Amino acid sequence: MSESIAVKAHQLYKAFGRRPNEMVRKLASGASRADVANLGTAAVIDASFEVKQGEIFVVMGLSGSGKSTLIRMLNGLLEATSGTVTVGGTQITGIPPKQLREVRRRNVSMVFQHFALLPHRTVLDNAAYGLEVQGFSLDERRERAMAVVERVGLSGWEDKFPSQLSGGMQQRVGLARALASDTDILLMDEAFSALDPLIRREMQEQLVELQAELGKTIIFITHDLNEAMFLGDRIAVMRDGRIVQVGTPDDILTDPANDYVAQFVQDVDRARVLTASGVMEPAKSVVSASAGPRAALRVMRDLQTSAAFVVGNGRKLVGVVRDKDVMRQVKAGERDLTAAVRTEVATVDGDAHLTDLFELSVESELPVAVLDDKQRLLGVIPRVTLLAALGNVSSNTGEVAVVEPPATISMEIITETLRATAGAEDDLVGSSEGGAR
Amino acid sequence: MNDFRIPIGEWGEAFVEFITEFFSPVFDVIRAVFGGFYEGVDWVLVTPPFWVIIVLITALGFWARGWLFAVGTAVGLFVIVGVDQWETAMDTLALVLVSALIAIALSIPLGILGARSRTASNIMKPILDFMQTLPAFVYLIPALILFRIGIVPGIVATIIFSMAPGVRLTELGIRGVDKEVVEAGYAFGASPRRILRQIQLPLAAPTIMAGVNQVIMLSLSMVVIAGMVGAGGLGGVIVQALSRIDFGLGLEAGLAVVILAILLDRLTASLGVRRKRRARPSQTSADSVSTDPGSTDSESVDTMPSVGAPAFQGSTHRG
């Protein structure tokens, strides 16, 4: 196993009430949250999941879905009624308080919705709080905290008090405090929900950047689906205390587990969530660079299109050919297709979000080519496909494959040309020589 | 109906008799400690010439509230000297300081206990009600039996009467500390003791100081009753004036009590505020210091560092 498990929750229950154990027994045997409402509140019901090292795991749900209770069981702020939590290989359910404090100091830190800063301490001393609890000397903890304060973009503010800072800056201090204690795992409880939208966006981007740089495992709680989709490597959707689906953002958008999730995701900004590789179609109009112009022309004729992507060794994209150019080559009896290749092709990375595709799609007459990091052609995104993905309708009409751009030269003329120029070595209807797929 | 009677009085008497018999050494120790404490404080206040004390208290007033209050302090104290009540006033001040100090030393830990445990809070609540509302003369009787006449029963009665707001406001203050901030302390692995010392007490300080202020004011209101059991001071003078129907003397001593009360109230009230001000230096508007430690002032800074993008006013919606 190359990726290890940072946090594991196994059949977690949390019930508030006079007889929590009885509630758990009933819930485990299939009772719903409403069935046990007379006994108390079932906050979390049978939650099991694993968070991999270095991933951003988002728990998403509306208020009252139990997500805040769930995250508080992951560092023992709330004791689970039943079930186990394992953090970095250590089971933290049912251990004595002293040991639990040790886990909180070394392994798990937390960022809070309303920042929870100490108002009587400066920014620097707030950021150093975790280190102070860990027992570092004043000089050392200030030095370390200063580095983190600079990293989150608050240099020059270290001697100010929280009340002198704006909301976004206060949360940077909260983030700095969690980062300074240098734990592998970061719990973030609605960390950006109290910020206004522009600041929130900025903080989300900074978090993704920090995560890429520091490789922390982040468990992020939110009620905002767009935030979940933007941040999450994987998302757990909670409803009424239960986890109803765990999956990647694409999974949840394209394959919701039930009507609830489907309804939930219908308002999401799909362009920001879906990736190019998630919506692309297989490239049909493709020829190998080593194939001749005649093969290229035949591919275009068969697909009734006026352009074909040309790939070299290992499906590396070379460029694109247009039917007029190839037609001229065929008429002139040329054999080298690469002479007709045009290199001005719109390409995107497979991980690009659809928002990045609009401009390319508008400017380019051809479908946008989707490449992997080795410049290999993975697929194409015609405009129709882009629109269909945004509208959440299938672009597959069944009979006619989507091929853009439409042919500019009629099929008969192409066939005629091919026949007229056919050499002895070339059969009339042969398709063996081209790279048509 | 005359046959039926609940013998609460007899029980009480029996109880007092019982503790006098078996615990009198304990009460002798308490008597010696309280008495000694009072003598010491009183000696410090009475021994120097009056102007030395006036200068010291005026300086304290200047440090706490500024020159206007300092001038008022000096004038007030000179009035006490002018009506020839200086020594009795200092006796009373010593009584109030000693009782209030002991009451605070008892009530803050009890308040912390109440904030920690619902059960403790539920047990203490009726007892505190009892202590505060039972007429002082009633518990003066056993206090007299146990401690004999003099300053000590006065101190004990004052402590009993004035403790309640100290306990209540300490508990209220700690319970009122932003839950999320306390949770943050736990989340970073702090021990309950550290959280109490570094988070709960500092953030509850304004409320606790209001409690301290109340304890002192209630102590002062007991001086006349303390005077009746021979505690002396201004209370003793007022009791004397009452027995002689001497309105002039009563008025002078009463005025001295009022002056002491105002001084003590303003001084202790300003201590809580000073703490908060010091916690937020270079605040653009010191007046807008809010009582809720977690809330942001309206004067939030509205530029973001390093990022460069114009930031909007940080809005911290609470709740």
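All heavy atoms count here, side chains included; hydrogens, waters and symmetry mates do not. All of these numbers come straight from a predicted model, not from anything done at the bench. Throughout, a chain's letter reflects where its sequence line sits, starting with A, and its residues are numbered from 1.
For A:V108, the part sitting under 4.5 Å from any heavy atom of chain B is the backbone (N, CA, C, O) and nothing else. Looking at A:Y129, only its side chain comes within 4.5 Å of chain B, counting heavy atoms on both sides. For A:E132, the parts sitting under 4.5 Å from any heavy atom of chain B are the backbone and the side chain alike.
In this structure, the salt bridge (Lys or Arg N to Asp or Glu O under 4.0 Å) partners of B:E183, at least two apart in sequence or on a different chain, are A:R72. A:E205 pairs by the salt bridge (Lys or Arg N to Asp or Glu O under 4.0 Å) definition with A:R201, not counting sequence neighbours. Scored by the salt bridge (Lys or Arg N to Asp or Glu O under 4.0 Å) test, A:K14 finds no partners at all (sequence neighbours excluded).
Contact record, B:A64 with B:L267: CB-CD2, 3.9 Å, taken as the closest heavy-atom pair. Among all heavy-atom pairs drawn from A:A127 and A:V149, the shortest one is CB-CG2, 3.8 Å.
Residues A:Q113 and B:E180 have side chains that never bring a donor and an acceptor to within less than 3.5 angstrom of each other. Of the N and O atoms on the side chains of A:R141 and A:Q134, not one donor lies less than 3.5 Å from an acceptor on the other residue. There is no side-chain donor-acceptor pair under 3.5 Å between A:N107 and A:D184.
Most heavy-atom pairs under 4.5 Å with chain B: of the set A:R105, A:E102, A:R106, this distinction falls to A:R105.
Within residues 83-98 of chain A, no residue has any heavy atom under 4.5 Å from a heavy atom of chain B.
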